[in-house]
Amino acid sequence: MASSGEKKLFLRVLDGQKTSVPPIWLMRQAGRYLPEYREIRSTAASFLDFCYTPALATEATLQPIRRFGFDAAILFSDILVIPDALGQKVGFESGEGPRLDPIVTAEDLGKLNPDILNGKLDKVFETIDRVKGQLPPETTFIGFCGAPWTVASYMIAGRGTPDQAPARIFAYRNPELFAELIAMLVEASAAYLVRQLRAGVEVVQIFDSWSGVLPVAEFERWCLEPVKAIVAKVRAELPDARIIAFPRGAASHMIDYARMEGLSAIGLDTAVDPVWAAAQVQVSLPVQGNLDPLALLAGGPGLDEGIERILSAFGSRPHIFNLGHGILPETPIANVERLLARVRRPA
Ligand code: 1CP
């Protein structure tokens, strides 16, 4: 790591420092809005093959850094490599998203192999090793996993859905079985994040992309408690681990997430009012977010106003600039350039 005098901008903010210009990266910053990604993507038979080919995953991780010089690179992979490594059948239909053999019965669950470090993810760790050697010295390296509820919701439904209804119904009807699945994912995710950190990522983000669909009791049981358990397990092994949590759509429950022990930053989704968040989230916890991906896609004055609102709300606290959810494939490159120029303009 760089000596303290030259600690990376992103890490300074995660360690609680307020900086005059916030570090910036974008969720899903590698991907289809980049022509250079589309070009290499077409060389792999399937999306999972792409993720498990270190040369390709390394290149996809580095592409947005080369083009834009973001302050952080995020490992190119997917949250669904966990079910894949557990032994569930996972595939991606081009243009339509993931398809998994759904978990329906106790027997389906019993067939999974809870040992996540069984070799299946070795190519991911090899990618981390390769990227680490090629990142510019000022760029921070982020690893990630999906939160147990979010990953479980795909494991039960077998695909993306508008509101994760299949997993919600399953959890109401079979709470004990669902709790077993969540417990398995807590263990697997903690082991996976520790292994990523040991391989060379400097920060991990836990994506709870579907935390916003649950009522409060279920939110506490299936989102908050499992993520708390992961954070505690990772920190028990690696006390200095830096961990960002992103509870998308959690609305005011976001505060419960933000108060959990051991987080380094909280990711805010598009709908969170930055002024409200600046007042509610303890100043000691850095915040990350939360420009509307559609404002970035649209460009123009709407984009400029959105950027200014966020910069001004978080101007006096540690802040990492990001979107409130992933960048959309139709986003013009010029708008990303404009965003960077505005965020990084001299104060
Ligand atoms: O066609 C393609 O190239 C595949 C599209 C794609 C990409 C580029 C998928 C399929 N996954 C990814 C990469 C990815 N996914 C990254 C790494 C790159 C980066 O951020 O730059 C990350 C962090 C993810 C995480 C991910 N996958 C999440 C959590 C974040 C979020 O956006 O909410 C989720 C929910 C997934 C599942 C998934 N994988 C892919 C798709 C299309 C989906 C969504 C499925 C759905 O709900 O319909």
Side-chain angles (χ1 to χ4, degrees), residues 24-53 56-68 70 72-84 90-100 124 127-128 131 141-167 189 192-193 196 201 203-213 244-250 267 269-270 288-290 293 322-331 336:
I24 175 169
W25 69 284
L26 303 181
M27 288 187 277
R28 300 283 194 109
Q29 66 190 17
R32 280 175 296 165
Y33 75 108
L34 291 176
E36 59 270 36
Y37 171 78
R38 294 195 297 270
E39 196 167 302
I40 58 168
R41 172 68 187 82
S42 63
T43 66
S46 75
F47 179 66
L48 271 187
D49 283 343
F50 188 99
C51 292
Y52 291 145
T53 305
L56 291 172
T58 299
E59 179 59 21
T61 304
L62 295 172
Q63 282 176 342
I65 305 308
R66 274 193 218 112
R67 186 186 269 271
F68 300 114
F70 289 122
I74 181 160
L75 170 70
F76 193 89
S77 181
D78 195 81
I79 63 168
L80 299 179
V81 299
I82 290 268
D84 188 52
V90 180
F92 285 83
E93 305 252 315
S94 65
E96 293 191 44
R99 294 289 182 274
L100 301 83
V124 175
T127 300
I128 292 176
V131 170
F141 192 10
I142 306 173
F144 70 93
C145 71
W149 159 251
T150 288
V151 174
S153 70
Y154 289 97
M155 293 177 79
I156 300 287
R159 58 198 298 153
T161 66
D163 54 4
Q164 307 308 73
S189 308
Y192 182 45
L193 293 182
Q196 289 185 49
V201 304
V203 182
V204 289
Q205 174 156 319
I206 302 172
F207 285 90
D208 211 349
S209 300
W210 290 101
S211 61
V213 297
I244 305 173
F246 175 55
R248 184 169 76 96
D269 68 77
T270 304
Q288 173 176 282
N290 70 339
N322 205 318
L323 297 173
H325 196 200
I327 188 168
L328 296 159
E330 303 79 13
T331 306
V336 179

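Indexing begins at 1, ligand by ligand and atom by atom, following the structure's order.
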Next on the checklist: If I compare all heavy atoms of S153 with all of A167, which pair ends up nearest, and what's the gap?
Outcome noted: CA-CB, 3.6 Å
Item to check | Side-chain (R38) to main-chain (R32) donor-acceptor, under 3.5 angstrom | outcome: yes
Next on the checklist: Can you tell me if G326 contacts ligand 1 (heavy atom of the residue under 4.0 Å from the ligand)?
Outcome noted: no
Checklist entry - Does at least one non-hydrogen atom of G146 fall below 4.0 angstrom from an atom of ligand 1? => result no
Item to check | Flag if over 12 foreign heavy atoms under 6.0 Å of CD, E96 | outcome: yes
Next on the checklist: Return the closest protein heavy atom for atom 6 (C) of ligand 1 as residue, atom name and distance.
Outcome noted: F47 CZ, 3.6 Å
Item to check | F50 heavy atom under 4.0 Å from ligand 1 | outcome: no
Checklist entry - Could a heavy atom of L75 be found less than 4.0 Å from some atom of ligand 1? => result yes
Checklist entry - So which protein heavy atom does atom 28 (C) of ligand 1 come closest to, and at what separation? => result R28 NH2, 3.7 Å
Item to check | For atom 21 (O) of ligand 1, the protein heavy atom that lies nearest, with its residue and separation | outcome: A30 N, 2.8 Å
Item to check | Donor-acceptor under 3.5 Å (Q196 side chain, F144 main chain) | outcome: yes
Next on the checklist: Give me the nearest non-hydrogen protein atom to atom 22 (C) of ligand 1 as residue plus atom name, then the distance to 0.1 Å.
Outcome noted: F144 CZ, 3.6 Å
Next on the checklist: Can you tell me how the ring of F50 sits relative to the ring of F47, calling it parallel under 30°, perpendicular over 60° and tilted otherwise?
Outcome noted: parallel
Checklist entry - Is Q288 reaching over with its side chain to a backbone N or O of G324, donor-acceptor style, under 3.5 angstrom? => result no
Checklist entry - Is Y154 near ligand 1, meaning one of its heavy atoms is under 4.0 Å from it? => result yes
Next on the checklist: Measuring from non-hydrogen atoms of Q205 to any atom of ligand 1, is the shortest distance under 4.0 Å?
Outcome noted: no
Next on the checklist: Can you report which non-hydrogen protein atom sits closest to atom 13 (C) of ligand 1, along with the distance?
Outcome noted: S77 O, 3.3 Å
Checklist outcome for this item: The protein heavy atom nearest to atom 15 (N) of ligand 1 is D78 OD1, 3.0 Å
Item to check | Side-chain donor or acceptor of S77 paired with backbone N/O of C51 under 3.5 Å | outcome: no
Checklist outcome for this item: Residue, atom and distance of the protein heavy atom nearest atom 29 (C) of ligand 1 read S209 OG, 3.2 Å
Checklist entry - Do any nitrogen or oxygen atoms of Q29 lie less than 3.5 angstrom from nitrogen or oxygen atoms of ligand 1? => result yes
Checklist entry - By number and element, which atoms of ligand 1 are closer than 4.0 Å to a non-hydrogen atom of P98? => result 45 (C)
Checklist outcome for this item: Sorted by chain and residue number, the side-chain contact (heavy atoms from CB on, under 4.5 Å) partners of Q63 (sequence neighbours excluded) come out as L34, E36, Y37, I40, E59, R66
Checklist entry - Does ligand 1 have a heavy atom under 4.0 Å from the side chain of R41, from its backbone, from both, or from neither? => result side chain
Next on the checklist: Looking at every non-hydrogen atom in both residues, tell me the closest pair between T61 and F76 and how far apart they are.
Outcome noted: OG1-N, 3.0 Å
Next on the checklist: Does any part of the side chain of Q205, heavy atoms only, come nearer than 4.5 Å to the side chain of I74, both counted from C-beta?
Outcome noted: no
Next on the checklist: Would the distance check show the side chain of N290 and the main-chain N or O of D269 forming a donor-acceptor pair, the cut-off being under 3.5 Å?
Outcome noted: yes
Item to check | Results of side-chain contact (heavy atoms from CB on, under 4.5 Å) for T53 - residues two or more places apart only | outcome: L56
Next on the checklist: Can you name the atoms of ligand 1, numbered from 1 with element, that are less than 4.0 Å from a heavy atom of Y37?
Outcome noted: 2 (C), 3 (O), 8 (C)
Next on the checklist: Evaluate W210 for polar contact with ligand 1, using N/O atom pairs at a separation under 3.5 Å.
Outcome noted: no
Next on the checklist: For atom 48 (O) of ligand 1, what's the nearest protein heavy-atom neighbour? Residue, atom name and distance, please.
Outcome noted: G160 CA, 3.6 Å
Item to check | From C145, P293, G97 - option closest to atom 42 (C) of ligand 1 by heavy atom | outcome: G97
Item to check | For F92, atoms of ligand 1 separated by under 4.0 Å from a heavy atom | outcome: 10 (C), 39 (N), 40 (C)
Item to check | Derivation of the side-chain contact (heavy atoms from CB on, under 4.5 Å) call for R28 and Y33 | outcome: CA-CA 10 Å; R28 300 283 194 109; Y33 75 108; over 6 Å; no
Item to check | Region of H325 that comes within reach of ligand 1 [heavy atoms, distance under 4.0 Å] | outcome: side chain
